[in-house]
Amino acid sequence: MTMEVDILELSDRSAKFVLSKVSTSFANGIRRAMIADVPTLAIEYVNLYDNTSVLYDEQLALRLSLIPLVTDVETYVPQAECDVCGGEGCPACEVSLTLSAEGPGTVYSRDLISSDPKIQPADPNIPIVELKKGQKLVLEAIAHMGYGRDSVKWQAGVACGYKNVPVITIENCDACGHCAAECPKGIIRFEESGAKVSSEDVLKCSLCKLCEQVCDIHAINVGFDENAFVFTMESDGSYTAKDLALNAADVIKGKAEELLSILDQF
C-alpha cells in the first residue's frame, strides 16, 4: 500500500493536506516530528553589554530566545551532535547576532544583525523593547540548533494537527431539514432526493455527529476513514510549511533506517 498525499492549501507559513493509506501511528509520528524533532535555530545565550531599558536582563533574554530564526538545516547541526567542536560551539552549530540601539524608539527583531546573512528573524516586526530618550541596549546573542522536544524556542511547528477523513452516508432521507439546521459547519444541502454533502464539504465535517443524533429515521451516518487524515499545520517561519513537512518525513525515515541498522547487528 503506497502512501498518498493530496495538497488542499499551501502557503509559506501554513498547509492543509490529506494523507491517505497510512496508519494512525504514522500520522501521529509526522505530527510529533514537525513539533519536536525537526531542528531549528534559536537564541540560547545573550551577552548584554549595556541595558538601561525598563526590562531586566532575564526578560530580554527570554524575549530574544522566542524570536523565530530562518534556519538552514543544510549548513548547521545541533550543538550536541556537532563533530567539529564536540558541543563547545563553532560556526557549524551556532550563529552570532548583534544589536545596538538607543532611544527614543522601539527595538524590533529586524534590528538584530546576523553574522550569517542567510540567518535572519523570520518576522522582522517583532517588538523587543521600547527605549525612552537616553536609554540604550547593546548585546550579542548566540543562536544554537536544537529540538522542540527540549524547549519550545526550538519548536518550528506551532499548530500541527490532524483528524480522520469523515465519511458521511445518507440513505432514505425524508428531507425534513433537521440535520441541516443542526450542522455547525453548514455543509448539508438539500436536493429533490434529500440531504447531500459534497465531496469538497465533507472534509469540513468536525465529526460532532449532531446531524446523526437529530435524525429520527436514522437516515444519516457519520463515520471516518481509519487510514486517511486531514492535516493542518503552521510554521513559525523557521522553515516554510513545505520544508517543515519534508524535514519531518526525513526524520521519520532516518529513525526507521537507524532502527533497521541496529536490528541488523543481531
Side-chain angles (χ1 to χ4, degrees), residues 1-44 64-82 93-95 109 118-123 126 143-166 203-207 224-260:
M1 186 167 61
T2 304
M3 178 180 67
E4 294 181 0
V5 180
D6 296 314
I7 306 297
L8 304 177
E9 301 172 9
L10 181 62
S11 65
D12 284 345
R13 293 288 188 94
S14 64
K16 184 176 183 180
F17 57 91
V18 176
L19 189 62
S20 308
K21 298 182 180 180
V22 297
S23 65
T24 303
S25 57
F26 181 84
N28 193 49
I30 291 291
R31 181 192 68 84
R32 289 180 60 87
M34 291 179 185
I35 295 172
D37 294 328
V38 176
T40 63
L41 277 165
I43 292 171
E44 188 170 10
L64 290 167
S65 70
L66 295 177
I67 295 175
L69 301 176
V70 175
T71 298
D72 183 1
V73 74
E74 300 295 332
T75 303
Y76 298 94
V77 298
Q79 189 179 32
E81 303 169 11
C82 184
C93 62
E94 69 177 25
V95 179
S109 53
K118 298 192 300 295
I119 309 303
Q120 300 291 338
D123 187 337
I126 299 175
H144 289 166
M145 288 281 280
Y147 295 98
R149 59 175 179 262
D150 297 322
S151 174
V152 69
K153 64 187 176 185
W154 285 306
Q155 184 177 309
V158 294
C160 301
Y162 64 86
K163 67 177 180 181
N164 288 91
V165 171
L203 295 179
K204 301 176 183 178
C205 176
S206 61
L207 298 172
F224 57 85
D225 188 334
E226 294 184 351
N227 300 113
F229 306 87
V230 181
F231 260 89
T232 55
M233 56 167 292
E234 292 182 19
S235 168
D236 69 347
S238 302
Y239 300 94
T240 63
K242 176 183 176 181
D243 288 340
L244 178 58
L246 292 175
N247 286 331
D250 287 340
V251 167
I252 298 294
K253 179 181 177 182
K255 288 185 175 182
E257 292 174 344
E258 183 179 359
L259 177 60
L260 285 174

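Model, not experiment: these values are computed from the prediction.
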Interatomic spacing from [atom1] in [X] to [atom2] in [Y] - rounded to 0.5 Å:
| X | Y | atom1 | atom2 | value |
| --- | --- | --- | --- | --- |
| T24 | R31 | OG1 | CZ | 12.0 Å |
| F17 | L8 | CZ | CG | 9.5 Å |
| S238 | I119 | OG | CD1 | 9.5 Å |
| D123 | R13 | CG | CZ | 6.0 Å |
| S206 | K163 | OG | NZ | 6.5 Å |

Counterpart residues, salt bridge (charged side-chain N to carboxylate O under 4.0 Å, His left out), relative to [X] (two or more places apart):
| X | result |
| --- | --- |
| K242 | none |
| E4 | K21 |
| K16 | none |

R32 atom CZ, neighbour heavy-atom count above 12 within 6.0 Å: no

If you draw a 6.0 Å radius around CD in E81, do more than 12 non-hydrogen atoms from other residues or ligands fall strictly inside? yes

Closer than 3.5 angstrom, by distance alone: can the side chain of T71 be matched with the main-chain N or O of L69 as a donor-acceptor pair? yes

Check: S109 side chain, I126 main-chain N or O, donor-acceptor pair, under 3.5 Å: yes

Looking only at non-hydrogen atoms, find the nearest pair between Y239 and L244 and report the distance. CB-N, 4.0 Å

What pairs of donor and acceptor atoms, side-chain ones from residues 151-158 against any protein atom, are under 3.5 angstrom apart with sequence neighbours left out?
| residue | atom | partner | partner atom | Å |
| --- | --- | --- | --- | --- |
| S151 | OG | K153 | N | 3.4 |
| W154 | NE1 | H144 | O | 3.0 |
| Q155 | NE2 | G157 | O | 3.0 |

Who passes side chain to side chain donor-acceptor pair (under 3.5 Å) against T240, sequence neighbours left out? D243

Only counting residues at least two apart or in another chain, list the ones meeting side chain to side chain contact (heavy atoms under 4.5 Å, CB included) with F26. M3, L19, V22, S23, I30, I252

Is any side-chain N of the basic residue among R149 and D37 closer than 4.0 Å to the acidic one's carboxylate O? yes

